[in-house]
Number of protein chains: 2
Amino acid sequence: MRILVIEDDALLGDAIQAGLKQSGYAVDWMKDGVSADQALGTEPYAAAVLDLGLPRMSGLEVLKRLRSRNIPIPVLILTAMDSVDDRIRGLDAGADDYLVKPFDMGELAARLRALVRRASGKTSPALHVAGVELEPAAHRVLYRDKAIEFPAKEFAVLHALMLNAGRVLSRAQIEEQLYAWGEEVESNAVEVYIHHLRRKLFPELIETIRGVGYLIPNDKNV
Amino acid sequence: MRILVIEDDALLGDAIQAGLKQSGYAVDWMKDGVSADQALGTEPYAAAVLDLGLPRMSGLEVLKRLRSRNIPIPVLILTAMDSVDDRIRGLDAGADDYLVKPFDMGELAARLRALVRRASGKTSPALHVAGVELEPAAHRVLYRDKAIEFPAKEFAVLHALMLNAGRVLSRAQIEEQLYAWGEEVESNAVEVYIHHLRRKLFPELIETIRGVGYLIPNDKNV
DNA sequence: CGCAAGCTTAAGAATTGCTTAAGCGGCGAA
DNA sequence: TTCGCCGCTTAAGCAATTCTTAAGCTTGCG
């Protein structure tokens, strides 16, 4: 799950990036409006965290341009305590939620989670597919009522596949979820994670579509 | 278009039912959580309007059970003005939108419309022709309710032909679907794929138009 | 009847994915 | 701080499938 953080303050940006990484997101960090605008147009982010005071192009402008291009990703804006006006204008311009600085990293992560979930529409907090239950918030997976542990990346792959149950995800699509800019891999990492998932759960869970990608089939029943 | 309204307050429920009927929906009205839960499991609703405070089973519980059964219909929850917590928990439990009481009937109708549109847009369109069903997203083909496997290229050929059912595709047009620039083949590859398709499905599915190309005829009946 | 277009088959080539294992780096414990 | 563990990334060999090609055969049409 990939998030774009747009924040010009180095200290704060660093903290946000670190905190969100901790929560398992792949985080890109842009420090001005123009780069952010561009990145939002090209990369498949699940959400954006946007400070309104930015150099080169204001956060509000970034937001407006985003919406005018009909890109519906959830945007959470960061505002100073005293700028109620900004907050209102942000929400008017299409922001989905806001947080007043200073804020707690846990809360930011929680809100992002809620936003992403809501945006993806039909996703409940716990995903149930093929007897596997995955709780994104708790970073927990249950199979046959037993908790199974997954390291961050394995979890992310499983999450992506379960979110898209019934749809094929190409290896490239999965990689985009796992890695932020400049930390792409060039190996068969995804294959290895798939292998681990199959071993810890059961092999039939994930189907291979040769030359296309991977897929967790939708349940028919239940 | 059928909508389920779950609301225990007689006055409000009546108003909602009337208002939505006005907007052209067929409206069922349940007054407690248990009946609603049951109805949602059996009837094909396009969306649900859910009050969170319900007798017998709370709205939140209804929602959770709905999602745990992987039923992805859009749910709009109704919350009291002061219960921000409920709203959050509702969204966390998989609601798609919310409305704070009291609300305007026009707005409710508008939001439902938006939700339904969004939800139906996400359903990947399956192609049905001549008893063959092809789901692009799942990379899956069903014939006589049996799944049949196709390697990437064969699938691509079938997909192209079904997308253009009733129209002749030249061999060159089919090849364009299969190969990126600079990797054209110079052989009878397409003929070979056509042959495989005919064998796995049935020979009459694909007609040969000599000197022109290939064609899957349109069904007369659906 | 003869030719061209398309069908069928088969086999080698190429690609793709699976599996295993090892090195590396970070993080926590001692 | 140092050590050891764990997770992440690579790499390489192997197995299987898929792709391409070509050759011979069949069919339809003039």
Side-chain angles (χ1 to χ4, degrees), chain A residues 1 17-19 21-27 139 141 148-161 168-216, chain B residues 139 141 148-161 168-180 182-216:
Chain A
M1 190 123 306
Q17 184 173 43
K21 269 190 179 164
Q22 194 91 31
S23 299
Y25 295 108
V27 184
H139 197 278
V141 176
I148 301 185
E149 309 240 323
F150 290 94
K153 301 277 178 182
E154 288 177 26
F155 186 87
V157 173
L158 183 60
H159 188 192
L161 285 170
V168 180
L169 291 186
S170 70
R171 199 164 327 160
Q173 285 176 308
I174 295 175
E175 279 169 3
E176 278 175 356
Q177 304 286 319
L178 294 189
Y179 303 100
W181 260 32
E183 52 171 45
E184 282 86 7
V185 290
E186 34 198 296
S187 77
N188 56 352
V190 171
E191 288 172 30
V192 176
Y193 296 136
I194 296 276
H195 180 57
H196 292 161
L197 291 175
R198 283 177 173 153
R199 196 172 42 187
K200 289 187 186 173
L201 296 164
F202 55 99
E204 301 76 28
L205 176 66
I206 301 171
E207 287 181 17
T208 301
I209 311 290
R210 245 177 170 260
V212 184
Y214 297 93
L215 153 81
I216 294 183
Chain B
H139 198 274
V141 176
I148 302 185
E149 311 230 325
F150 291 93
K153 303 266 174 178
E154 289 177 24
F155 187 89
V157 173
L158 182 60
H159 189 191
L161 285 170
V168 182
L169 290 187
S170 70
R171 201 162 325 165
Q173 284 176 307
I174 295 175
E175 278 169 5
E176 275 174 14
Q177 304 285 321
L178 295 189
Y179 303 99
E183 55 169 37
E184 282 82 10
V185 291
E186 31 197 298
S187 77
N188 57 349
V190 171
E191 287 173 29
V192 175
Y193 295 135
I194 295 278
H195 178 58
H196 292 160
L197 292 176
R198 283 175 172 154
R199 195 173 41 184
K200 289 188 185 172
L201 296 164
F202 55 98
E204 302 75 28
L205 175 66
I206 301 171
E207 287 181 15
T208 302
I209 311 293
R210 256 188 161 243
V212 184
Y214 297 93
L215 152 81
I216 293 183

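We use all heavy atoms of the structure for the numbers below, so side chains are in, but hydrogens, waters and symmetry mates are not. Per chain, numbering begins at 1; letters A, B, ... match sequence-line order. No experiment lies behind these values; they were computed from the predicted model shown.
Among D:dA22, C:dT19, C:dG6, the nucleotide with an atom closest to any side-chain atom of B:T208 is C:dG6. Distance from the side chain of B:E191 is smallest for C:dT8 among the nucleotides C:dT8, C:dT9, C:dT19.
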Residues 202-211 of chain A, side-chain donor-acceptor partners within the protein, below 3.5 Å, at least two apart:
unit_1 : atom_1 : unit_2 : atom_2 : d
A:T208 : OG1    : A:R198 : NH2    : 2.6

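Rounded to an integer number of Å, the gap from CG of B:L197 to P of C:dG6 is 17 Å.
For the side-chain hydrogen bond (donor to acceptor under 3.5 Å, both in side chains) with A:H196, the qualifying choice from A:K153, A:E191, A:E154 is A:E154, the only one to do so.
Within 3.5 Å, a donor on the side chain of A:N188 pairs with an acceptor on the base of C:dT19, or the reverse. At a cut-off of 3.5 angstrom, counting only N and O atoms as typed in the model, there is no donor on one side facing an acceptor on the other between the side-chain of A:R210 and the base of D:dT18.
Phosphate contact (OP1/OP2 of C:dG6, side-chain N/O of B:R171, threshold under 4.0 Å): present. Listed pair A:R198 / C:dC18 meets the phosphate criterion, a side-chain N or O lying under 4.0 Å from OP1 or OP2. Contact between the side-chain N/O atoms of A:S187 and the OP1/OP2 oxygens of D:dT10 is found at a separation under 4.0 Å. Between A:H195 and C:dT20 there is a side-chain polar atom (N or O) within less than 4.0 angstrom of OP1 or OP2.
At a threshold of 4.0 angstrom between heavy atoms, the contacts of A:F155 with the nucleic acid are absent.
From B:Y193, atom OH reaches atom CG of B:L178 across 7.0 Å, with rounding to the nearest 0.5 Å.
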Name the pairs: protein N/O against N/O of nucleotides 4-8 of chain D, kept only if under 3.5 Å.
unit_1 : atom_1 : unit_2 : atom_2 : d
D:dC8  : OP1    : A:K153 : N      : 3.3

Residue pair A:Y214, A:V157: steps toward the side-chain contact (heavy atoms from CB on, under 4.5 Å) verdict: CA-CA 10 Å; A:Y214 297 93; A:V157 173; over 6 Å; no
